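Just below is one structure, and these are the notes that go with it.
Owing to the predicted nature of the structure, the values given are computational and were not obtained by experimental measurement. Numbers here simply count residues along the sequence, with the first being 1.
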Amino acid sequence: MEAFTLTDFVDGNSSSPQTKLKIIHASRSGVSRSDLKKFSLRVALPITKISEIVPASYSTLAKKNHYDKEVSERLFEIAEVYSKGFEVFGDEKKFTRWLNKCNIAIGGTTPFSLLDTSYGVQLVLNEIERIDYGIFA
């Protein structure tokens, strides 16, 4: 199976079974540090901020060449949020502002602060879907 990166996912935004299988394989193989750096630059999210929402410290992210399955899986979940957000908002800066602004629909917290758990990722993705369908709280 070909290598599949976080940036490929953000730029491709496909939820097909083939894409999901590529993500599973890439998560099991482990995301590389160079891929994390490319993703960080692509979505304008510093690695220090990424370390706040993945199960690894900044020093671990900076030192390891490949990350374990849990970290890799969370990174793909975050990539999915950014991919969907960029698509729905149509403007990366607007999406980033929304992600960091308190949101009444999700309990008055920032969507970004919820990305440290899988349930939080799902809640944020659901809210992005609601926005896509024109359903506002």
Run the side chain to side chain donor-acceptor pair (under 3.5 Å) test against [X] and tell me which residues pass, sequence neighbours left out.
X: S118; result: E77
X: S113; result: T109, T110
X: E73; result: none
X: S57; result: S59, T60

Got a sec, which pairs hit side-chain hydrogen bond (donor to acceptor under 3.5 Å, both in side chains) with one end in residues 29-38, sequence neighbours left out?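 Counting only pairs at least two positions apart or across chains, the side-chain hydrogen bond (donor to acceptor under 3.5 Å, both in side chains) contacts touching residues 29-38 are S32-S34, R33-N65.
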Applying salt bridge (Lys or Arg N to Asp or Glu O under 4.0 Å), name anything that partners K64, two or more places apart in sequence or on another chain.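 Partners of K64 by the salt bridge (Lys or Arg N to Asp or Glu O under 4.0 Å) criterion come out as none, since no residue qualifies.
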Salt bridge (Lys or Arg N to Asp or Glu O under 4.0 Å) involving E92 - partner list, sequence neighbours excluded: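 Once residues adjacent in sequence are excluded, the partners of E92 under the salt bridge (Lys or Arg N to Asp or Glu O under 4.0 Å) criterion are R42.
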Applying salt bridge (charged side-chain N to carboxylate O under 4.0 Å, His left out), which residue pairs with at least one partner in residues 44-55 are found, sequence neighbours left out?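 Passing the test, one end in residues 44-55: K49-E52.
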Can you name the residues that form a ring pair (Phe, Tyr, Trp, His ring centres under 6.0 Å) with Y82, not counting sequence neighbours?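 For Y82, the residues satisfying ring pair (Phe, Tyr, Trp, His ring centres under 6.0 Å) (neighbours in sequence not counted) are F86, F95.
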Evaluate I78 against F39 for side-chain contact (heavy atoms from CB on, under 4.5 Å), listing each step before the verdict. CA-CA 10 Å; I78 294 164; F39 171 73; 4.1 Å; yes
Could you go through residues 119-126 and list every donor-acceptor pair under 3.5 Å that involves a side-chain atom there, pairing it with any protein atom two or more places apart or in another chain?
unit_1 : atom_1 : unit_2 : atom_2 : d
N126   : ND2    : Q122   : O      : 3.3

Give every residue pair that meets the ring-ring contact (aromatic ring centres under 6.0 Å, His included) criterion with at least one member in residues 61-80, sequence neighbours excluded.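 Every candidate ring-ring contact (aromatic ring centres under 6.0 Å, His included) pair involving residues 61-80 fails, so no pair, neighbours aside, qualifies.
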Under the rule for side-chain contact (heavy atoms from CB on, under 4.5 Å), what residues qualify as partners of K94, not counting sequence neighbours?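 Here the qualifying residues are F89, D91, R97.
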